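Nothing fancy with the numbering, it's 1 onward along the sequence. Keep in mind that this is a model prediction, so the values were computed, not measured.
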Amino acid sequence: MAQLSKLYLDREELHILGRYCVRIDRTIVVEPSRQLTEDTFQRIMVSKPTISKISIQNEDVVPLIEYDGPYTFERVYGVLVFKPTGS
C-alpha cells in the first residue's frame, strides 16, 4: 500500500495520514493511521454523497494523483472504501 498525507474529495481537503491502494475495478481503499471521528465521517457523508474526483497527495510523488468519478463511499471497520458508480 502507498502512503498518503492528504485526501481531496472534489475540492474539500482532508488531512489524513495513512495508506491507500487502488483495486483493479478502480475501488480506492484508504486506511487512516488514526481513526476519523464520527462527526467528521457524518459531515462527509452528508455533504458528499457522490464524489466527482478524488485526489491523493503522496509526499513521495510531487503532483497530485487524481481519479475521476463518480464515487460513493462507506466506512468499513475504520477503513474508507470509495467505490466507482456505474455511469
Side-chain angles (χ1 to χ4, degrees):
M1 292 183 94
Q3 299 292 321
L4 78 133
S5 57
K6 290 183 188 172
L7 180 68
Y8 296 89
L9 305 178
D10 293 329
R11 295 182 184 255
E12 184 175 348
E13 179 181 333
L14 299 172
H15 292 275
I16 296 178
L17 296 175
R19 301 181 304 174
Y20 77 96
C21 70
V22 181
R23 297 181 183 161
I24 195 152
D25 66 351
R26 294 185 29 228
T27 297
I28 300 170
V29 179
V30 175
E31 181 183 340
S33 56
R34 271 191 349 216
Q35 292 289 335
L36 292 177
T37 64
E38 190 63 29
D39 289 341
T40 301
F41 179 73
Q42 290 301 324
R43 180 179 51 83
I44 296 168
M45 286 294 292
V46 169
S47 68
K48 302 271 183 222
T50 303
I51 301 161
S52 300
K53 183 191 286 188
I54 296 174
S55 302
I56 296 173
Q57 183 173 353
N58 180 340
E59 294 182 1
D60 297 334
V61 179
V62 175
L64 290 176
I65 302 166
E66 297 182 343
Y67 300 96
D68 290 327
Y71 284 93
T72 58
F73 81 103
E74 62 185 347
R75 182 175 59 180
V76 180
Y77 300 111
V79 176
L80 302 177
V81 180
F82 298 90
K83 294 182 181 180
T85 60
S87 53

Could you state whether Ile65 and Val30 fall into the same hydrophobic cluster, counting links through intermediate Ile, Leu, Val, Met, Phe, Trp or Tyr residues with side-chain heavy atoms under 4.5 angstrom apart? yes
Assigning hydrophobic clusters by single linkage (Ile, Leu, Val, Met, Phe, Trp, Tyr; side-chain heavy-atom cutoff under 4.5 Å), is Val22 placed with Leu7? yes
Has Ser52 got a side-chain atom pairing as donor or acceptor with Gly69's backbone, closer than 3.5 angstrom? no
Exercise: identify the closest heavy-atom pair between Gly78 and Pro32: O-CD, 3.5 Å
Among Asp10, Ile28, Thr72, which residue satisfies the side chain to side chain contact (heavy atoms under 4.5 Å, CB included) criterion with Ile51? Asp10
Looking at OG of Ser33 and CG of Leu4, how far apart are the two atoms once the value is rounded to the nearest 0.5 Å? 8.5 Å
If you measure from CG on Leu80 to CD1 on Ile54, what distance do you get to the nearest 0.5 Å? 9.5 Å
Residues two or more places apart in sequence or in another chain: which of them pass salt bridge (Lys or Arg N to Asp or Glu O under 4.0 Å) with Asp68? none
Contacts of Arg26 meeting salt bridge (Lys or Arg N to Asp or Glu O under 4.0 Å) (sequence neighbours excluded), chain-then-number -> none
Is there any ring-ring contact (aromatic ring centres under 6.0 Å, His included) pair reaching into residues 48-75, and which pairs are they, with sequence neighbours excluded? Phe41-Phe73, Phe73-Phe82
Remaining members of Tyr8's ILVMFWY cluster at a side-chain heavy-atom cut-off under 4.5 Å? Leu64
Salt bridge (Lys or Arg N to Asp or Glu O under 4.0 Å): which pairs involve residues 70-83, sequence neighbours left out? Glu38-Arg75, Glu74-Lys83
Side-chain donor-acceptor distances from residues 12-21 under 3.5 Å, at least two apart:
unit_1 : atom_1 : unit_2 : atom_2 : d
Glu12  : OE2    : Arg43  : NH1    : 2.5
Glu13  : OE2    : Lys6   : NZ     : 3.4
Glu13  : OE2    : His15  : NE2    : 3.0
Arg19  : NH2    : Glu31  : OE1    : 2.9
Arg19  : NH2    : Glu31  : OE2    : 3.2

